[in-house]
There are 2 protein chains.
Amino acid sequence: MISPEPDELGIITPDEKHGHVIIHFDIDCFYAQVEIVRNPTLVDKPVGVKQRTLVVTSNYIARERGIYKCMPVIDALNACPELVLINGEDVAPYREYAEKITSLLREYSDRVEKLGFDENFVDVTEYVSQNSDSLTAKEIQGRIFQEKNYEDIQKCECGCDQLLIKGATLAKTIRERIYKEIGLTTCAGVSWNKLVSKLLSPMHKPNNQTIMFPSQLDSLMYFISDLKKIPGIGRSTLDKLSSVGVTTIAELQLCNLTDLDRIFDRATALRLLKLSYGIDDSSVKFFEKNKSIGVEDSIKPITAFSQCKEKLKIVLKRVSKLLIEDGRVPTSLKVSIRYKNNSGDTVRDSRQTAITSALFRGNVANICLPEVEENILKKCLELTKKMTQPLKHIFITLFGISFGKLIEKKVLGNSFFFPKNLERVVGESSCSQTSRISDEDPSDVYLDETVLSELPLDLKNEVLSSYKSPKLVKCQNEFETQDCPNNWDPEVYKSLPVEIREELISTSKRPAGETLVQKQQKRQKSILEFLCK
Amino acid sequence: MISPEPDELGIITPDEKHGHVIIHFDIDCFYAQVEIVRNPTLVDKPVGVKQRTLVVTSNYIARERGIYKCMPVIDALNACPELVLINGEDVAPYREYAEKITSLLREYSDRVEKLGFDENFVDVTEYVSQNSDSLTAKEIQGRIFQEKNYEDIQKCECGCDQLLIKGATLAKTIRERIYKEIGLTTCAGVSWNKLVSKLLSPMHKPNNQTIMFPSQLDSLMYFISDLKKIPGIGRSTLDKLSSVGVTTIAELQLCNLTDLDRIFDRATALRLLKLSYGIDDSSVKFFEKNKSIGVEDSIKPITAFSQCKEKLKIVLKRVSKLLIEDGRVPTSLKVSIRYKNNSGDTVRDSRQTAITSALFRGNVANICLPEVEENILKKCLELTKKMTQPLKHIFITLFGISFGKLIEKKVLGNSFFFPKNLERVVGESSCSQTSRISDEDPSDVYLDETVLSELPLDLKNEVLSSYKSPKLVKCQNEFETQDCPNNWDPEVYKSLPVEIREELISTSKRPAGETLVQKQQKRQKSILEFLCK
DNA sequence: TGGGGTCCT
DNA sequence: AGGACCC
DNA sequence: TGGGGTCCT
DNA sequence: AGGACCC
Ligand SMILES: Nc1ccn([C@H]2C[C@H](O)[C@@H](COP(=O)(O)OP(=O)(O)OP(=O)(O)O)O2)c(=O)n1
Ligand SMILES: Nc1ccn([C@H]2C[C@H](O)[C@@H](COP(=O)(O)OP(=O)(O)OP(=O)(O)O)O2)c(=O)n1
Ligand SMILES: Nc1ccn([C@H]2C[C@H](O)[C@@H](COP(=O)(O)OP(=O)(O)OP(=O)(O)O)O2)c(=O)n1
Ligand SMILES: Nc1ccn([C@H]2C[C@H](O)[C@@H](COP(=O)(O)OP(=O)(O)OP(=O)(O)O)O2)c(=O)n1
Ligand SMILES: [Mg+2]
Ligand SMILES: [Mg+2]
Ligand SMILES: [Mg+2]
Ligand SMILES: [Mg+2]
């Protein structure tokens with residue numbers, strides 16, 4: 001017993017402060033549960049969710065039969081031939097349920113911090129103190145760590161115990177709401193810091209919650225024992241620790257700082273030491289929107305660069321949906337691939353580029369316009385080419401596309417000296433967004449291309465974006481040969497890439513009857529006009 | 001003439017939009033002028049400002065005698081033996097004048113974007129339209145590019161010309177204020193975009209301003225001619241361009257996209273093309289505080305690691321001053337060195353680490369406490385060691401220390417899974433800052449160390465930070481041997497590093513008369529208590 | 001070849 | 001952490 | 001060995 | 001751009 005000793009009244013003085021009430025929520029066998037909610041006939045069967053060769057999770061029926069997370073499909077079917085496998089390669093449904101959970105939790109606090117799709121930390125300190133009366137209960141909801149009776153637990157002098165108990169009541173209420181309103185069972189951990197709450201939540205899974213009090217802290221860490229269970233300690237840290245003979249939490253607690261100093265800087269050493277004692281003074285972060293939106297797709301190996309476009313297009317179409325749902329305009333694009341390098345090793349690589357929001361013509365929904373899609377696809381291919389350039393043989397087994405630097409409003413204009421920063425303007429606040437492409441049939445009005453090409457680009461795009469595929473294809477044909485603007489040298493014009501011609505035609509403003517003597521100047525003028533969109 | 005041709009009324013239709021009025025301000029021979037203001041006897045002499053072996057700038061008297069920027073001292077004295085050289089290695093005075101300029105400019109717009117110490121872009125569009133009447137003048141202030149008469153200039157159909165002329169009036173007013181209130185002469189460029197304004201400002205230097213109208217754009221770019229003068233085109237880009245035979249702005253304007261495609265991605269190619277035509281739709285960024293504060297110091301080579309601490313301390317003391325003036329607390333620390341590597345090449349390298357704001361005990365001014373300084377110095381040494389580790393021989397010729405991630409308020413608490421992120425909490429808003437250490441004598445009250453060590457850490461630091469060096473030294477002596485807290489194993493206690501003992505003693509709370517049987521548990525308890533600060 | 005900074009990858 | 005850019 | 005994300009360097 | 005971490 002290394003926790004502070006109780007005084008004569010049985011009250012302890014804690015080492016760590018604990019004025020907060022932190023709940024960690026974790027959805028039970030998340031992907032599997034979602035699939036069961038979507039198809040209730042699965043409820044009494046062993047269900048696994050697979051991604052290619054991997055069973056990423058399974059319901060608890062399956063787990064009883066030996067299925068574990070990220071188990072190879074082969075082994076899984078071996079262990080449990082009756083296992084019903086659902087394909088979960090497209091995570092869109094899980095993303096949607098995750099969003100519902102987080103929204104609900106935000107009713108209780110601004111401090112809702114997501115971790116992956118199915119976990120959330122919530123700092124309910126304020127809610128608990130402001131709803132103290134309605135959360136008062138004589139019974140502690142859920143389980144207490146170590147199955148203790150509350151009476152047998154050392155009380156804390158700071159009075160946090162009662163707050164934590166109210167936190168448990170609240171956790172129960174929230175979990176019931178999640179079940180009633182969203183249909184998912186969850187676990188929760190209730191304590192005074194994020195680390196402890198996270199360690200507690202799976203303690204009595206599934207569909208349960210666990211609370212703990214400060215006096216139980218050493219017992220918890222001793223119980224957990226496994227270093228890898230401590231969030232923040234991953235493979236690399238684990239290996240380093242074992243290189244100085246530290247393999248358990250207890251060993252870490254007792255280890256010499258001088259040992260840790262050999263492999264970590266001082267700050268890291270102290271942080272690890274703290275974690276081993278269950279000490280964590282990090283705050284639950286305020287809720288923030290996600291900073292990137294991406295889709296990855298493992299494929300059967302492709303062996304020619306020419307096959308990339310098709311594969312990228314599939315991925316792009318998937319990520320486009322998410323982008324449109326999100327509504328923000330991305331200004332950064334990253335392509336990832338997995339491939340065999342010239343040494344025969346399978347490796348991952350990625351290239352990134354800034355993109356201008358102008359690509360989306362004011363509304364990210366325009367990504368479904370064939371021309372916009374094509375432009376982005378070209379950028380993806382450019383990025384891919386950068387990676388495959390030095391390759392002797394192309395052997396790609398995965399494509400990923402991720403959009404980042406998502407900005408709330410359309411902001412035109414590249415940055416000046418920071419050429420790659422094509423939009424980042426802190427606090428920028430101009431421009432209207434065009435309306436989303438709706439599913440309602442828009443109309444069959446004939447699009448007069450002449451009129452159209454005279455509209456300012458924004459308006460034109462707004463018009464175009466309200467018409468559907470057939471029209472859009474027609475619009476694409478617009479940008480062909482016969483429509484070389486009359487102030488352009490047809491030779492020059494034809495030599496320009498499609499994406500440029502497209503922009504050009506949509507911006508050529510006047511007949512321009514001027515006579516220009518020099519061909520060079522004519523070319524200059526043409527380019528200049530194009531560049532001005 | 002590739003600008004749009006005027007129609008029958010002599011009115012042009014522009015390629016680029018230009019609803020903005022952008023002024024670029026650039027202080028004349030900045031460092032030199034500051035030195036002359038500080039020592040007016042220099043006013044009629046050739047003055048150079050040197051940093052080690054380099055004359056970084058000089059006044060215009062010196063320039064007439066052949067002195068140029070970043071000229072080797074030897075060459076400079078050769079060209080102009082009468083040159084008065086002022087040491088400008090400590091840039092603190094220039095930083096202060098720079099701050100004054102930017103503050104003044106902010107009276108006119110939120111969009112004030114610094115570039116280096118002596119340049120500012122200001123978007124005065126709003127100011128000009130809101131003060132249209134008072135800015136109306138019959139004369140154009142300063143020079144017009146190409147010495148044109150305004151009457152001979154093609155007018156723009158969008159009516160921007162009158163706005164720009166008002167912008168020139170405003171620029172003149174501002175420059176006069178800068179001279180009267182701060183004492184410095186400046187140049188300014190007035191146009192409709194940042195690129196053009198920046199290209200214009202030095203056109204009639206020193207102490208003058210230049211305006212231009214859209215119809216003059218091609219003349220400007222033709223006049224500039226030198227690619228390197230275009231901001232955004234640096235060494236690397238220049239080399240790439242010349243690899244495809246492009247060496248002038250005109251050549252870039254006319255070059256084939258396909259040539260550029262060989263060396264740049266499409267977006268870069270288009271951006272460069274735009275720049276060559278003087279097109280720039282970037283916005284002047286909203287004013288923001290600087291994101292890092294650093295000091296560098298070139299030294300005569302040191303050849304032993306043991307010499308690093310002394311050198312780093314000198315640099316740290318300099319950067320500390322700036323940090324205290326700034327007031328924000330840094331949460332990231334970077335050390336740079338220049339050294340000879342094992343191949344004999346002189347290279348630069350840097351290491352970075354997150355630091356907790358707790359290091360500063362609630363107020364960055366505490367960096368002048370010897371213990372705080374010592375702690376940071378230790379971190380600097382740790383970072384330096386990481387770089388010198390693989391070196392056969394130490395041969396360091398420069399040390400730099402830079403603080404980043406400056407946060408407005410003291411926010412305790414490391415981040416959870418992102419262990420290196422020791423504070424970043426978007427929107428965090430707790431905690432009070434202790435007051436700055438003032439230069440007024442604080443008092444001579446005796447500091448009862450017993451009382452002091454019982455105070456919560458924050459309060460203690462607040463008290464300490466109001467006392468001066470003599471007292472502070474005394475406080476440091478506190479943290480020595482005799483004061484091993486009575487609940488600590490003296491052996492264990494002594495084995496702890498100073499920085500830990502220091503924190504420990506300041507947080508030991510109770511006599512703790514408990515009897516603990518096991519030595520290991522005693523140790524555990526000791527460490528635990530320490531970790532909780 | 002000083003001594004500052006910025007942003008992107 | 002390094003690169004490219006700016007002063 | 002899927003398919004998402006975060007932050008630091 | 002790559003690494004380490006999380007789910
Ligand atoms: N390496 C991983 C870990 C998790 N997941 C997905 C599948 C899980 O369903 C979901 C949530 O992760 P959990 O660790 O919380 O696992 P479960 O929710 O599936 O099970 P549990 O009931 O143990 O929480 O994230 C994944 O795709 N890959
Ligand atoms: N924003 C915070 C601050 C603290 N804690 C938790 C984590 C720790 O277990 C405990 C004590 O942390 P500190 O020592 O940082 O306590 P403070 O008194 O500084 O916290 P606060 O920010 O509430 O004043 O509180 C938290 O969850 N959220
Ligand atoms: N490579 C450089 C460039 C500039 N500076 C410093 C010295 C200058 O005084 C100041 C401003 O840079 P400018 O290019 O504006 O040069 P000056 O202001 O000195 O001269 P000018 O009158 O030409 O603007 O920045 C520097 O230290 N190192
Ligand atoms: N915030 C802005 C936007 C534009 N411009 C300048 C740069 C260009 O020379 C000119 C035209 O740029 P755009 O084509 O982006 O013009 P917009 O009409 O979109 O600008 P605004 O943001 O004012 O609507 O205006 C600027 O200085 N600051
Ligand atoms: Mg989970
Ligand atoms: Mg889960
Ligand atoms: Mg300058
Ligand atoms: Mg200058």
Side-chain angles (χ1 to χ4, degrees), chain A residues 26-27 30-31 49-57 69-73 87-91 94-95 98 114-119 198 231-237 290-298 332 334 348-354 398 400 402 415-421 424, chain B residues 26-27 30-31 49-57 69-73 87-91 94-95 98 113-119 198 231-237 285 290-298 332 334 348-354 398 400 402 415-421 424:
Chain A
D26 188 327
I27 304 173
F30 182 43
Y31 291 4
V49 175
K50 78 175 181 104
Q51 288 169 329
R52 308 286 149 163
T53 67
L54 229 50
V55 178
V56 288
T57 198
K69 288 175 203 170
C70 297
M71 191 181 194
V73 167
N87 188 304
E89 282 151 27
D90 187 336
V91 301
Y94 318 132
R95 198 184 257 108
K114 270 188 87 157
L115 186 60
F117 280 180
D118 88 322
E119 297 183 27
K198 177 154 168 65
I233 298 184
R235 254 280 54 92
S236 155
T237 304
N290 51 316
K291 302 186 157 83
S292 66
I293 297 178
V295 167
E296 263 180 23
D297 196 4
S298 286
S332 150
K334 181 163 68 172
R348 289 184 69 122
D349 207 351
S350 69
R351 298 295 137 162
Q352 199 181 323
T353 188
L398 175 144
S402 177
S415 193
F416 192 56
F417 294 116
F418 309 113
K420 302 303 175 58
N421 175 347
R424 303 301 44 222
Chain B
D26 188 328
I27 305 174
F30 182 42
Y31 291 3
V49 174
K50 77 173 181 102
Q51 289 170 329
R52 307 286 149 166
T53 66
L54 229 50
V55 178
V56 288
T57 197
K69 287 177 204 169
C70 297
M71 189 180 197
V73 167
N87 188 305
E89 283 150 27
D90 187 336
V91 301
Y94 317 134
R95 197 184 259 109
E113 185 179 342
K114 270 188 87 156
L115 186 60
F117 280 180
D118 88 322
E119 297 183 26
K198 178 155 168 66
I233 298 185
R235 257 274 61 87
S236 156
T237 303
K285 302 303 166 291
N290 50 317
K291 301 186 158 84
S292 66
I293 297 178
V295 167
E296 262 179 24
D297 196 5
S298 286
S332 150
K334 181 163 67 172
R348 288 184 69 121
D349 206 349
S350 68
R351 299 295 136 159
Q352 200 181 322
T353 188
L398 175 145
S402 177
S415 194
F416 193 56
F417 294 117
F418 309 112
K420 301 305 176 56
N421 175 347
R424 303 297 46 222

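Within 4.0 Å (heavy atoms only), A:Asp90 reaches no atom of the nucleic acid at all. When heavy atoms are screened at a 4.0 angstrom cut-off, B:Val56 is found touching base atoms of the nucleic acid. A:Asn290 comes within contact range of the sugar-phosphate backbone alone, with a heavy-atom separation under 4.0 Å but no base atom that close. As judged by a 4.0 angstrom heavy-atom cut-off over every strand, A:Gly294 is placed among residues touching the sugar-phosphate backbone only. Residue A:Arg348 is out of contact with every strand shown, counting any heavy-atom pair closer than 4.0 Å. Among the protein residues, A:Asp26 comes within range of no part of the nucleic acid, since none of its heavy atoms lies under 4.0 Å from any strand.
The shortest distance between the side-chain N/O atoms of B:Arg95 and the OP1/OP2 oxygens of C:dG5 is below 4.0 Å. The phosphate of E:dG3 has OP1 or OP2 within less than 4.0 Å of a side-chain N or O from A:Ser298. OP1 or OP2 of D:dC5 sits under 4.0 Å from a side-chain N or O of B:Thr237. For the pair B:Arg52 and C:dG3, the criterion of a side-chain N or O lying under 4.0 Å from OP1 or OP2 is met. Side-chain N/O atoms of B:Thr53 include one lying less than 4.0 angstrom from OP1 or OP2 on C:dG2. Taking only side-chain nitrogens and oxygens, B:Lys50 never comes nearer than 4.0 Å to OP1 or OP2 of C:dT1. In this model, the phosphate group of E:dG5 is not approached by any side-chain N or O of A:Lys291 to a distance below 4.0 Å at OP1 or OP2.
Nearest nucleotide to the A:Phe117 side chain, out of F:dC5, D:dC7, E:dG4: E:dG4. With distances taken from any side-chain atom of B:Ser292 to the nucleotides C:dG2, C:dT6, E:dG2, the minimum falls on C:dT6. Closest contact between the side chain of A:Leu54 and the listed nucleotides D:dC6, E:dG2, F:dC7 involves E:dG2. Checked against C:dG4, E:dG3, D:dA4, the side chain of B:Ser236 finds its nearest nucleotide in D:dA4.
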Watson-Crick and G-U pairing of DNA chain C written in dot-bracket, each distance under 3.5 angstrom, with | for inter-strand partners = ..|||||||
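Atom CD in B:Glu119 sits roughly 18 Å away from atom P in C:dG4 (whole-Å rounding).
Nucleotides E:dT6 and D:dA4 are separated by 28 Å at their P atoms, to the nearest Å.
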